Amino acid sequence: MMRLDRMLAECGFGTRNEVKKLIRSGSVSVSGDIVRNPAAKVDEEHDSVAVDGEEIVYRRFAWYMLNKPKGYVSSTEGADSVLNLIAEYDRNLFPCGRLDKDTEGLLLITNDGELAHELLSPKHHVEKEYLVTVKNPLKEEDLEVFRKGIVIDGEEACQPADYRITDIYECHLIIREGKYHQIKRMFAAIGNEVTGLKRLRMKNLVLDESLESGDYRPLKEEELEDLRRRVPEDPEA
Ligand code: URA
């Protein structure tokens, strides 16, 4: 059981004060009856709660897909934190993984620590696909070493990565881990330089083309189910 105002705030209907007003205005019903008391207790899993006649589905955990713009950091605090882009900021949200300040694209925002940990664990080899733009022309023979597993900075061995060259200065790269500045360091190791980086996919979840830079949306039920589907662990990782 939880308070009605909290449930609506967690479902993205505004701040606690905004949803209180909404409830008092008579827009909210619980099992068919209008409820005007923000402190009313509801069974979030079983009661049918509706706003202006439309039933809402409560999710214990929030999951958002953000099209991260450049200039924001993957932290939970500070003026340049990606969380400043999310209106539902009061739910213990955090970014699931890290993109560099100058990297754009798909970043998941959640308050679900357990699933986030699983998706980020190197054991699970979750695929991350990036669009990479580089300074010097790309050659197949320079990139082949990525498929075998390149050693960066003379000591750190990367797992094999797949790539597809799509233009002279552009390729798609798929990695299954997330070392610090990994892609920039991989290209530096073959004498090139990353000039643009955008994450397009994580596991089967593709960045929604309709999201403008800086926009976000909740994950759909089927997208979340797919993220939850276990990736077998690799005992050697
Ligand atoms: N690799 C990088 O170098 N930076 C990112 O933001 C992500 C992967």
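Just follow the structure's listing: the first ligand is 1, and inside any ligand the first atom is 1. Fair warning: this is a prediction, and the values are worked out from it, not measured in the lab.
The salt bridge (charged side-chain N to carboxylate O under 4.0 Å, His left out) check on D112 picks up nothing, with sequence neighbours excluded. Remark: R147 engages E140, D162, Y163 in a side-chain contact (heavy atoms from CB on, under 4.5 Å) (not counting sequence neighbours).
The pair K148-E144 does not count as a salt bridge, with every side-chain nitrogen at least 4.0 angstrom from each carboxylate oxygen.
Residues in residues 22-38 take part in these side-chain hydrogen bond (donor to acceptor under 3.5 Å, both in side chains) pairs, two or more places apart or across chains: S25-S27, S27-D52.
When hydrophobic clusters are built by joining Ile, Leu, Val, Met, Phe, Trp and Tyr residues whose side-chain heavy atoms come closer than 4.5 Å, directly or via intermediates, L219 is grouped together with L120. By the rule that hydrophobic residues join a cluster once side-chain heavy atoms approach within less than 4.5 Å of another member, V132 and I174 end up as members of separate clusters.
Taking a heavy-atom cut-off of under 4.0 Å, ligand 1 is surrounded by L99, D100, T103, Y130, H181, Q182, I183, K184, L197.
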